[in-house]
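Working notes, structure below.
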Amino acid sequence: MAIIAFIGLGNMGGPMARNLIKAGHTLRGFDMVAKNVEAAGATACKSAAEAVKGAETVVTMLPAGPHVRSVYDEILPACAKGTLLADCSTIDVDTARAVAKKAEGYGLDMVDAPVSGGTGGAEAGTLTFMVGGSARAFERAQPLLAQMGKTIVHAGGPGNGQAAKICNNMILGISMVAVAEGFSLAEKLGLDAQKLFDISSKSSGQCWSMTTYCPVPGPVPTSPANRDYRPGFTADMMLKDMKLAQAAANGAGQSIPMGAAAQALYALMVAGGRGSMDFSAIIKTLQGK
Ligand code: NAD
């Protein structure tokens, strides 16, 4: 069993850390909010640099790129030789590649390993990890990630885990708008939502946004629409990921017109005060409700 430093124990990091403790590891934790460390059951440290002292592995689960950059600037000089670093935050590809290069400069193995599966997956230990890094870093990280998740995929070199995450979530964001438009048009045409679902979920319009997160109440009883759009996955987070996709597309010279349109719609939704609702409530924005 290993000594693991865990930095960022919020909605996702908290339950992920608890699963590592359950697996028998010793956790040294640091979070800007001290009570988050206590709630996760980790040993509280005064700083990120103190947390990594004596740790064989470091896991970070932070809000965005600037937080990862500043924490890595602090911890890299404090890590012992041979330490493995896994950043599980969802951040921009450029930052992921920049911190990986810095870690390499210190002779440390690092993976970017963003997740899919939300807080439910974090609690159940069923997350999907999309991993970027060298073959050696992936091989070292795999057993640890498997204690927090079910599906661990090596997406390629440094930053490729973030690239996979951003592309996947852009597809999700766009497909939810498409499904919401379909159900909105059906209502105006006098077509019952359940009938559209019965037909479309077995036809070529079928997708995850329809069959798991259906944006109207009824057809999928577990979808957020049945609990007044309590998340799930907030519109704030979806907007963050759509912006990451747009920034990556700008940098890479790839046109993503549907991604751009979907981003503008989620921005409208958030500006309308619905940022903390599930992103499937985009249907209300489309319907002008
Ligand atoms: P969160 O805000 O609940 O947790 C982030 C934690 O980091 C907070 O506890 C905060 O206090 C701490 N923190 C911030 N700056 C810090 C610093 N400098 N040093 C130490 N701690 C610091 O967010 P979350 O929902 O846990 O999300 C974390 C990451 O996971 C984000 O990148 C998010 O996009 C991604 N993600 C979230 C979900 C989800 O459903 N919540 C799903 C997939 C991916």
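Counting starts at 1 for both ligands and their atoms, in listed order.
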Q.
Once you restrict to heavy atoms under 4.0 Å, what part of I91 touches ligand 1? Side chain, backbone, both or neither.
A. neither
Q) Nearest protein heavy-atom contact for atom 19 (N) of ligand 1: which residue, which atom, what distance? A) F30 CE2, 3.7 Å
Q: Give the residue, atom name and distance (to 0.1 Å) of the protein heavy atom nearest atom 27 (O) of ligand 1.
A: M12 CG, 4.0 Å
Q) Considering only protein heavy atoms, which is closest to atom 9 (O) of ligand 1, and at what distance to one decimal place? A) D31 OD2, 2.7 Å
Q.
Protein non-hydrogen atoms only, distance under 4.0 Å: does atom 2 (O) of ligand 1 have such a neighbour?
A. no
Q) For atom 36 (N) of ligand 1, what's the nearest protein heavy atom and its distance? A) T90 OG1, 4.0 Å
Q. In the protein, which heavy atom is nearest to atom 4 (O) of ligand 1, and how far is it?
A. G10 CA, 3.3 Å
Q: Give the single entry among M237, K240, H67 that approaches atom 34 (O) of ligand 1 most closely by any heavy atom.
A: K240
Q | Pair T43, R28: side-chain N/O donor-acceptor within cut-off below 3.5 Å | A | no
Q) Would you say D241 has any N or O atom under 3.5 Å from an N or O of ligand 1, going by distance alone? A) no
Q: Just need the protein heavy atom nearest to atom 40 (O) of ligand 1, so name the residue and atom and give the distance.
A: G118 CA, 3.6 Å
Q) Between the main-chain N or O of Y213 and the side-chain N or O of S223, is there a donor-acceptor pair closer than 3.5 Å? A) no
**Q.** Heavy-atom closest contact (A245 atom, I166 atom, distance)
**A.** CA-CG2, 3.3 Å
Q | Contact check: P63 vs ligand 1, nitrogen or oxygen atoms, below 3.5 angstrom | A | yes
Q. Can you find an N or O of S89 that's nearer than 3.5 Å to an N or O of ligand 1?
A. no
Q) ligand 1 versus M32, non-hydrogen atoms closer than 4.0 Å: side chain, backbone, both, neither? A) both
Q: Could you tell me which non-hydrogen atom of F197 sits nearest to which non-hydrogen atom of P219, and how far apart they are?
A: CG-CB, 3.4 Å
(Q) If the cut-off is 4.0 Å to any non-hydrogen atom of I7, which atoms of ligand 1 fall inside it? (A) 20 (C)
(Q) Counting only nitrogen or oxygen atoms and a 3.5 angstrom limit, does N11 reach ligand 1? (A) yes
Q: For residues L76 and A103, report the shortest heavy-atom separation together with the two atoms involved.
A: CD1-N, 3.8 Å
Q. Closest non-hydrogen protein atom to atom 18 (N) of ligand 1, residue and atom name please, with distance?
A. V71 CG2, 3.6 Å
Q: Say whether L62, considering both its backbone and side-chain N or O atoms, lies within less than 3.5 Å of an N or O atom on ligand 1.
A: yes
Q) What distance do I283 atom CD1 and F183 atom CZ have between them, rounded to the nearest 0.5 Å? A) 7.5 Å
Q. Between Y266 and D236, does a side chain to side chain contact (heavy atoms under 4.5 Å, CB included) hold up when you go through it step by step?
A. CA-CA 8 Å; Y266 290 110; D236 280 334; over 6 Å; no
Q: Search all heavy atoms of N19 against all heavy atoms of A122 and return the closest pair with its distance.
A: ND2-O, 2.9 Å
(Q) Can you confirm, on distance only, whether ligand 1 has an N/O atom lying under 3.5 Å from any N/O atom belonging to K165? (A) no
Q. Just by distance, with hydrogens left out, do Q147 and H25 show a side-chain donor and acceptor under 3.5 Å apart?
A. yes
Q.
Less than 3.5 Å apart, any donor N or O on the side chain of S201 or Q206 sitting next to an acceptor on the other?
A. no
Q: Check each atom of ligand 1 against the heavy atoms of N36 and keep those under 4.0 Å away; list them by number with element.
A: 9 (O)
Q. If you group Ile, Leu, Val, Met, Phe, Trp and Tyr whenever their side-chain heavy atoms sit less than 4.5 Å apart, what else falls in with L127?
A. I4, F6, L9, M12, M16, L20, I21, L27, V37, V59, M61, V111, V115, F129, V131, F138, L144, L145, M148, I152
Q.
Regarding D87 and T60, do their side chains bring together a donor and an acceptor under 3.5 Å, going by distance alone?
A. yes
**Q.** Residue, atom name and distance, where the atom is the protein heavy atom closest to atom 43 (C) of ligand 1
**A.** V115 O, 3.6 Å
